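Shown next, in structure tokens, is the structure this report addresses.
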Number of protein chains: 2
Amino acid sequence: MRDTERDESIAAVRSFNRFYTRRIGVLRDGLLNSDFSLTEARVLYELAHAEGVTAAGIARELGLDPGYLSRILRTFERGGMVSRMPSPSDARQSILALTTEGRKAYAALDARSQADVAAMVDALPPDGRRRLTAAMRTVEAVLEGRGDGPRPILLRPNRPGDIGWIIHRHAVLYTGEYGWNAGFETLVAEIAAQFLAKFDPAREMCLIAELGDVLAGSVMVVRDSDEVARLRLLLVEPEARGHGIGRRLVEECVRFARGAGYRKLTLWTNNVLTAARRIYETAGFRLVSEEPHDRFGPPMVGQTWDLDLRP
Amino acid sequence: MRDTERDESIAAVRSFNRFYTRRIGVLRDGLLNSDFSLTEARVLYELAHAEGVTAAGIARELGLDPGYLSRILRTFERGGMVSRMPSPSDARQSILALTTEGRKAYAALDARSQADVAAMVDALPPDGRRRLTAAMRTVEAVLEGRGDGPRPILLRPNRPGDIGWIIHRHAVLYTGEYGWNAGFETLVAEIAAQFLAKFDPAREMCLIAELGDVLAGSVMVVRDSDEVARLRLLLVEPEARGHGIGRRLVEECVRFARGAGYRKLTLWTNNVLTAARRIYETAGFRLVSEEPHDRFGPPMVGQTWDLDLRP
DNA sequence: TCAATAGATTGCTTTTGTCAACTATATGGT
DNA sequence: ACCATATAGTTGACAAAAGCAATCTATTGA
């Protein structure tokens, strides 16, 4: 990642922190003529949602000073909202629980918060609402570190719209990353359109890779002749690289081609695509011929790779 | 929008509020052994970035109590960080400015915050960073209301990748909204591939509509014969409807076709696409023939519309 | 010209949060 | 069994943060 991009990220995060600090302030004001402060409300929320919680647990969860929390719990207890039960496993702890009274107070608070947020959300245009929801979930996920946990990889056959996506992404990526010209988009579009028009499910296949729940890659196997299958349009999104998606896609193609009774799997690629080259080598492909060309603008070397499918 | 979607939005916003309240707490802790509280830091930021600002301005901007702010400014002034100048236009106000000392203090604070955020950002995986940045910008934009202000509409010729996008969106929308089958995607892909392969810039055109900075629609004019142009693949994203984008696209096509010397502009559509029908009628097209078909699955009526381009 | 209003400040008060000390229990090692 | 050390929870003392109301001055609009 370029440094300017990093700096922009930092600036965006800082801007967002300032922005949301203000919003949290508004949130606090919203509680102004309820019976609770923002911190009390947060504690109440924890009590209502984490059954059988202890004081230390809440303090850890919310990052509160134990002394401060102790006092808040005391006022709750005096107000008849919280009951304590000595923990069976640890005599130092008490298990906290909301009383009926406490639940009622929480319900009121909850309804109020719900209404406040609903008013805000309803004021948004429908697509703004959708975008907001998705964006907030993303922020949470990324910062929680859920974002860099292993997102599930899914390989599935193409669905309506996927072929267009393949063309779209090929064109955007190769013109952007390698400066290829419109000739490439034309070639991809023709290949893709042909695939749709002449699709033979027994002997042809298009696979789409999803990482998490976003499209991350594609590949096709098409019939060249009765004996020979061709692997085409292998693509892995830059953001999804490093998960072995390319390798998995090619493996599936090999398996499919073998199962469909082909004798050979061939493919055409270009020398500048070094990542792909490595995948093909690993899968057992052999480079059989090369010829320089400039069909896509910059001069490069086209390569044909073959894989013998016989056992 | 379905109600469950609204409820989910509300839940997501509330969850996010809880989440970010916690983060702001961490932020505050980060300032712990600096010389400033979070609020002081925010005031300092305003002073550093909004030149010639007044106390009331800051109070409004940050939602602070004027009395509280007054005291903060006094401590800044006593610390030699802020200077006041009587406002020339309003004798009640003072124009606030940071002294050299004040700038130095801000720079230190800024560097520290920068470093903190940088550490956090650097700990993210690269694509996480990108997603975070984009998502935070989105949240800000939507909540600031920038999201529902009039987003600029832009019509432009296609760029690499757009043709794929057109296929992608046609297939997704028509299979989703009307239950059309894969035959439709095939047709669109063939039309699009043909357009790329035989493109004649003097007599053909593809227009892409952007709303804000996202793709919102498309249309093509292709040569049918020397005398007749054909309008194809008119599409407006559901989220972008109601901005007159479809009408604008068709108008541009008519203008282009006339300028390119065609005598007639024709198009083929289907009766179920009522919104498009209205656009064609408004543009002056006349329905010249109809025939029922079920090429795309559900039975419908294909329609040919013509527009005479002669003056 | 005068009432209403906005900017700024101050005294007073409450709320919120921190810190350190202390008790009681738990845990792990020898 | 015993001891050092750590954790749960409480309390007192205190400091920081924030809010409220009164006040003064200048501005604005009728």
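Each chain gets a letter, A, B and so on, in the order its sequence line appears, and its residues count up from 1. All values reported here derive from a predicted model rather than from experimental measurement.
Both Arg28(A) and Ser94(B) sit near DNA chain C, but only Ser94(B) has its closest nucleotide nearer the 5' end. Residue Asp65(B) is the one, among Asp65(B) and Leu69(A), whose nearest nucleotide of DNA chain C lies closer to the 5' end (criterion: closest heavy atom).
Looking at Arg103(A) and Glu51(A), a side-chain N of the basic residue comes within less than 4.0 Å of a carboxylate O on the acidic one, giving a salt bridge.
Rounded to whole Å, the distance from CZ on Arg92(A) to P on dT27(C) is 7 Å. As rounded to whole Å, 12 Å separates atom P of dA17(D) from atom CZ of Phe36(B). Between the CD atom of Gln93(B) and the P atom of dT5(C) there is a distance of 18 Å, rounded to whole Å. If you measure from atom CG of Leu31(B) to atom P of dT18(C), you get 13 Å, rounded to the nearest angstrom. Look at CD1 on Ile72(B): it is 13 Å from P on dT9(C), rounded to the nearest Å.
Between Leu96(B) and Thr54(B) the shortest side-chain heavy-atom distance does not fall below 4.5 Å.
Under the 30°/60° scheme for interplanar angles, the aromatic rings of Phe16(B) and Phe19(B) are found to be tilted.
Looking at heavy-atom distances under 4.0 Å, Arg71(B) makes contact with a base. At a threshold of 4.0 angstrom between heavy atoms, the contacts of Asp90(B) are confined to the sugar-phosphate backbone, with no base atom among them. Ser37(B) comes within 4.0 angstrom of sugar-phosphate atoms only, judged by non-hydrogen atoms across all strands, and of no base.
The phosphate of dT10(C) has OP1 or OP2 within less than 4.0 Å of a side-chain N or O from Arg74(B). Between Arg84(A) and the phosphate of dT10(D), there is a side-chain N or O to OP1/OP2 separation shorter than 4.0 Å.
Proximity of a side-chain donor or acceptor of Ser70(B) to a complementary backbone N or O of Pro66(B) within less than 3.5 Å is not detected.
The listed nucleotides are dT25(C), dG19(D), dG7(C); the one nearest the side chain of Ala91(A) is dT25(C).
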